Amino acid sequence: MGKITAAITGIAGYVPDYVLTNQELSQMVDTTDEWIMTRIGIKERRILKGEGLGTSDMAMHAVNDLLRKTNTHPDEVDMLICGVVTPDMQFPATANIISDKCGIKNAFGYDMNAGCSSFLYALVTASKFVESGSHKKVVVVGADKMSSITDYTDRQTCPIFGDGAGAALLEPTTDGFGIVDSIMQVDGSGRKHLHQVAGGSCYPASAETVAKRQHYIYQEGQAVFKAAVSNMADTAVEIMKRNNIEPEQLAWLVPHQANMRIIEATAKRMGIKKEQVMINIQRYGNTTSATIPLCLWEWEPQLRKGDNVIIATFGAGFTWGATYLKWAYDGSSAK
């Protein structure tokens with residue numbers, strides 16, 4: 001019997017109906033379509049509208065579709081991890097709420113917050129449970145309602161973010177497919193450049209913190225850009241070297257969709273062509289925890305069994321990393 005590895009055996013995604021265009025944004029803040037496209041590469045993003053709707057509502061759609069596509073009964077799921085920056089509430093965990101909404105009763109689960117790296121961190125964490133032999137069907141969710149913490153008077157940040165959700169099913173295999181290698185790193189000193197000041201235990205919500213607009217995203221764009229380009233590219237190149245992968249042997253790079261220039265710089269460092277890179281930032285913006293599963297969901301029909309895939313990410317913290325996996329099924333057969 002071969003070594004047990006954790007393979008993605010299904011992927012699903014969900015984005016809200018409402019489309020927030022650059023033209024509409026230009027009526028809210030001093031910006032233009034040209035400015036946003038030149039600096040970030042985003043044309044539009046999706047926004048979740050509706051009173052009382054949160055991250056779990058988008059995740060519910062993605063998970064239900066995932067279970068349907070993979071012919072998995074909710075009772076078969078034995079674990080659910082949710083990568084998330086915008087949980088429904090401080091507690092309980094959004095993973096618990098998603099499980100309830102999807103009828104998943106025999107699983108345990110929890111949330112994982114690693115900024116924009118949350119989905120990949122959750123995926124790697126979940127893979128260890130599968131590799132150990134203790135869990136057979138693990139759902140990994142990446143979902144965020146970034147519009148809930150975006151300041152639509154701040155022209156530096158409001159064009160960047162959108163809402164969405166994705167979900168992947170991890171199952172054990174001994175055929176050599178699935179997650180092969182990962183590099184995950186963190187540097188907490190980077191938190192000063194990208195964070196949300198209030199709402200935690202240091203500065204609990206108060207009339208003063210609300211008045212100071214401290215419950216929104218704070219980002220120092222240039223510092224984040226420099227760190228993202230160097231760290232995401234470095235780990236992606238390192239994982240190629242560690243696994244003897246030449247640029248022409250790589251089927252797909254799945255990068256976090258933060259900024260088109262960061263994506264292009266990472267691909268250039270790796271020596272790969274644009275045709276090898278999954279890019280949908282222009283349509284969805286930065287959906288934080290959801291960017292990677294949304295890419296895999298959109299490109300699923302083009303994925304082939306045995307494809308070499310590298311996922312690369314960077315997020316607040318700072319957090320970053322890369323994972324190399326061999327795709328486990330022919331995506332064109334998924335419905």
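These numbers come from the heavy atoms of this one structure, side chains and all, not from hydrogens, waters or symmetry mates. Computed from a predicted structure; not experimentally measured. The residues of the chain are indexed from 1 along the displayed sequence.
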Trainee: For the residue pair G83 and A122, what are the closest heavy atoms and their distance?
Mentor: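 Looking at all heavy atoms of both residues, the closest pair is N-CB, 4.4 Å.
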Trainee: Please say yes or no: joined through hydrophobic side-chain contacts below 4.5 Å, possibly via intermediate residues, are V84 and M60 part of one cluster?
Mentor: no
Trainee: I'd like to know if the side chain of K69 and the backbone of I11 have a donor-acceptor N/O pair within less than 3.5 Å.
Mentor: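 Present.
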Trainee: Do I8 and V124 land in one hydrophobic cluster if side-chain heavy atoms of ILVMFWY residues count as linked below 4.5 Å?
Mentor: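 Same hydrophobic cluster.
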Trainee: Counting neighbours of NZ on K105 that are heavy atoms of other residues, nucleotides or ligands and sit closer than 6.0 Å, is the number greater than 12?
Mentor: yes
Trainee: Between N308 and Q249, does any side-chain donor sit less than 3.5 Å from a side-chain acceptor?
Mentor: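 The criterion, which ignores hydrogens and geometry beyond distance, is not satisfied for Q249 and N308.
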Trainee: Using distance alone, with no hydrogens and no angle criterion, decide if T174 and K3 have a side-chain donor and acceptor under 3.5 Å apart.
Mentor: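 Short answer, no.
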Trainee: Counting N and O atoms only, with roles assigned by atom type, does the side chain of D307 sit under 3.5 Å from a partner on the main chain of V309, one being a donor and the other an acceptor?
Mentor: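 Between the backbone of V309 and the side chain of D307 there is no qualifying donor-acceptor contact (under 3.5 Å).
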Trainee: Is there a donor-acceptor pair under 3.5 Å between the side chain of N286 and the backbone N or O of I160?
Mentor: no
Trainee: Over all heavy atoms of both residues, which pair between T125 and Y110 is shortest? Give the atoms and the distance, please.
Mentor: CG2-OH, 3.4 Å
Trainee: Let's go through D17 and R46 carefully: what are the C-alpha distance in whole Å and the side-chain angles of both, what is the deciding distance for salt bridge (Lys or Arg N to Asp or Glu O under 4.0 Å) to 0.1 Å, and is it a yes or a no?
Mentor: CA-CA 7 Å; D17 293 332; R46 300 298 184 95; 5.1 Å; no
Trainee: Are the side chains of Q185 and T319 in contact, using a 4.5 Å heavy-atom criterion?
Mentor: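 Of all side-chain heavy-atom pairs linking Q185 with T319, none is under 4.5 Å.
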Trainee: Please check if M89 and V85 belong to a single hydrophobic cluster, counting links between Ile, Leu, Val, Met, Phe, Trp and Tyr side chain heavy atoms closer than 4.5 Å.
Mentor: no
Trainee: Would you please test H135 and F108 for side chain to side chain contact (heavy atoms under 4.5 Å, CB included) and show each step?
Mentor: CA-CA 11 Å; H135 291 71; F108 88 104; 3.4 Å; yes
Trainee: So, T86 versus T55: side-chain donor-acceptor pair below 3.5 Å or not?
Mentor: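 Yes, side-chain donor-acceptor contact under 3.5 Å.
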Trainee: Could you tell me whether the side chain of S333 and the main chain of D330 form a donor-acceptor pair under 3.5 Å?
Mentor: yes
Trainee: Rounded to the nearest 0.5 Å, how far does CG of D65 lie from CH2 of W297?
Mentor: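 One gets 8.0 Å once the value is rounded to the nearest 0.5 Å.
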Trainee: Grab the two heavy atoms, one from P159 and one from L25, that are nearest each other, plus how far apart they are.
Mentor: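 Closest heavy-atom pair between P159 and L25: CA-CD1, 3.5 Å.
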Trainee: With a 3.5 Å distance limit and no angle check, can you tell me whether N22 reaches the backbone of I42 through a side-chain donor-acceptor pair?
Mentor: yes
Trainee: Heavy atoms, side chains only, cut-off 4.5 Å: are T150 and I217 in contact?
Mentor: yes
Trainee: With rounding to the nearest 0.5 angstrom, report the CG to SG distance, L253 to C295.
Mentor: 9.5 Å
Trainee: Do T209 and S206 have side-chain heavy atoms sitting under 4.5 Å apart?
Mentor: yes
Trainee: Would you check if there is a donor-acceptor pair between the side chains of Y329 and E300 at a distance under 3.5 Å?
Mentor: yes
Trainee: Please tell me if the side chains of L20 and E44 come closer than 4.5 Å, counting only heavy atoms from C-beta onward.
Mentor: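 Contact flag for L20/E44 side chains = no.
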Trainee: Under 3.5 Å, side chain of D163 to main-chain N/O of M146, donor-acceptor pair present?
Mentor: yes
Trainee: Quick check for you: to the nearest 0.5 Å, what is the distance between F314 atom CZ and S117 atom OG?
Mentor: 7.5 Å
Trainee: Taking the six-membered ring for Trp, is the centroid-to-centroid distance between Y203 and H215 below 6.0 Å?
Mentor: no
Trainee: D78 side chain to K136 main-chain N or O, any donor-acceptor pair under 3.5 Å?
Mentor: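 Checking the backbone N and O of K136 against the side chain of D78, a donor-acceptor pair under 3.5 Å is found.
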Trainee: Among side-chain atoms of Y284 and Q282, is any donor-acceptor pair under 3.5 angstrom?
Mentor: no
Trainee: Do we get K326 above F177's six-membered ring, with its NZ or CZ under 6.0 Å from the centre and within 45° of the axis?
Mentor: no
Trainee: Measure from NZ or CZ of R261 to the centre of the six-membered ring of F225 and say whether it is under 6.0 Å with the direction within 45° of the ring axis.
Mentor: yes
Trainee: Is it true that atom CZ of R68 has more than 12 heavy atoms of other residues, nucleotides or ligands lying nearer than 6.0 Å?
Mentor: yes
Trainee: If you round to the nearest 0.5 Å, how far is CD1 of I40 from CD1 of I281?
Mentor: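 One gets 7.5 Å once the value is rounded to the nearest 0.5 Å.
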Trainee: Strictly by modelled atom types, are E171 and T9 linked by a side-chain donor-acceptor pair under 3.5 Å?
Mentor: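 Yes, because at least one side-chain N or O of E171 sits under 3.5 Å from a partner of the opposite role on T9.
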Trainee: Taking the six-membered ring for Trp, is the centroid-to-centroid distance between Y218 and H195 below 6.0 Å?
Mentor: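 Yes - the distance between ring centres of Y218 and H195 falls below the 6.0 Å cut-off.
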Trainee: If Ile, Leu, Val, Met, Phe, Trp and Tyr residues are connected whenever their side-chain heavy atoms lie under 4.5 Å apart, and connections chain through other members, are I311 and M260 in the same group?
Mentor: no
Trainee: Whether the side chain of Q276 engages the backbone of K273 through a donor-acceptor N/O pair (distance < 3.5 Å, no angle test) should be reported.
Mentor: yes
Trainee: Examine V237 and Y324 and state if one hydrophobic cluster contains both, with Ile, Leu, Val, Met, Phe, Trp and Tyr joined whenever side-chain heavy atoms are less than 4.5 Å apart.
Mentor: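 Linked within one cluster.
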Trainee: Please lay out, stage by stage, how E208 and K212 fare under the test salt bridge (Lys or Arg N to Asp or Glu O under 4.0 Å).
Mentor: CA-CA 6 Å; E208 183 180 2; K212 289 182 176 179; 3.0 Å; yes
Trainee: Inspect the surroundings of CD in Q90 and state if more than 12 heavy atoms from other residues, nucleotides or ligands are less than 6.0 Å away.
Mentor: no
Trainee: Does Q196 use its side chain to pair, donor to acceptor, with the backbone of A198 at less than 3.5 Å?
Mentor: yes
Trainee: Heavy atoms only: give me the nearest F119-A168 pair and the separation to one decimal.
Mentor: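 Closest heavy-atom pair between F119 and A168: CZ-CB, 4.2 Å.
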Trainee: Can a salt bridge be assigned to the pair K128 and E131 using a cut-off of 4.0 Å between side-chain N and carboxylate O?
Mentor: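 Salt bridge present between K128 and E131.
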Trainee: Go through the steps to decide whether V29 and C158 satisfy the test side chain to side chain contact (heavy atoms under 4.5 Å, CB included), and finish with yes or no.
Mentor: CA-CA 9 Å; V29 292; C158 72; 3.8 Å; yes
Trainee: Using a 4.5 Å cut-off on heavy atoms from C-beta on, say whether the side chain of T287 contacts that of L294.
Mentor: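 A side-chain contact exists here, since the closest heavy-atom pair is under 4.5 Å.
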Trainee: What pair of heavy atoms forms the shortest contact from T288 to H256, and how long is it?
Mentor: O-CE1, 3.8 Å
Trainee: I'd like to know whether E275 forms a side chain to side chain contact (heavy atoms under 4.5 Å, CB included) with V277, so could you lay out the CA-CA distance, the side-chain angles of the two residues, the decisive distance to 0.1 Å, and finally the verdict.
Mentor: CA-CA 6 Å; E275 292 74 25; V277 186; over 6 Å; no
Trainee: With a 4.5 Å heavy-atom cut-off, do L123 and I179 have their side chains touching?
Mentor: yes
Trainee: Please list all pairs passing the ring pair (Phe, Tyr, Trp, His ring centres under 6.0 Å) test where one or both residues lie in residues 43-76, with sequence neighbours left out.
Mentor: Y14-H61
Trainee: Quick one, R269 and T266 - any side-chain contact, counting heavy atoms below 4.5 Å?
Mentor: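 A side-chain contact under 4.5 Å is absent here.
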Trainee: Hey, are K145 and D88 close enough for a salt bridge, meaning a charged N less than 4.0 Å from a carboxylate O?
Mentor: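 Looking at D88 together with K145, the answer is no, because their closest N to O distance does not fall below 4.0 Å.
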Trainee: Any chance you could pull the hydrophobic cluster mates of V77, using side-chain heavy atoms under 4.5 angstrom and chaining through other members?
Mentor: V63, L66, L67, L80, I98, I104, V139, V141, L169
Trainee: Work out which heavy atom in D57 is nearest to a heavy atom in G52; give both atom names and the distance.
Mentor: OD2-O, 4.0 Å
Trainee: Is the closest basic N to carboxylate O distance between R242 and D181 below 4.0 Å?
Mentor: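 D181 and R242: salt-bridged.
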Trainee: Could you give the distance from CG (L53) to CD (E51), rounded to the nearest 0.5 Å?
Mentor: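 One gets 9.0 Å once the value is rounded to the nearest 0.5 Å.
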Trainee: Tell me whether the guanidinium CZ or amine NZ of R304 lies under 6.0 angstrom from the six-membered ring centre of W252 and within 45° of its axis.
Mentor: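 The answer is no; the distance or angle limit is not met.
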Trainee: Just by modelled atom types, is the G13 backbone N or O under 3.5 Å from a matching donor or acceptor in the E298 side chain?
Mentor: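 No: the side chain of E298 does not pair with the backbone of G13.
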Trainee: Drop me the distance from S127's OG to I4's CD1, to the nearest 0.5 angstrom.
Mentor: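 Answer rounded to 0.5 Å: 12.5 Å.
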Trainee: With heavy-atom distances below 4.5 Å as the criterion, would you say the side chains of I310 and M270 are in contact?
Mentor: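 Touching, per the 4.5 Å side-chain cut-off.
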Trainee: Will you find, in the side chains of D154 and T157, an N or O donor that is under 3.5 Å from an N or O acceptor?
Mentor: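 Indeed, the side chains of D154 and T157 share at least one donor-acceptor pair under 3.5 Å.
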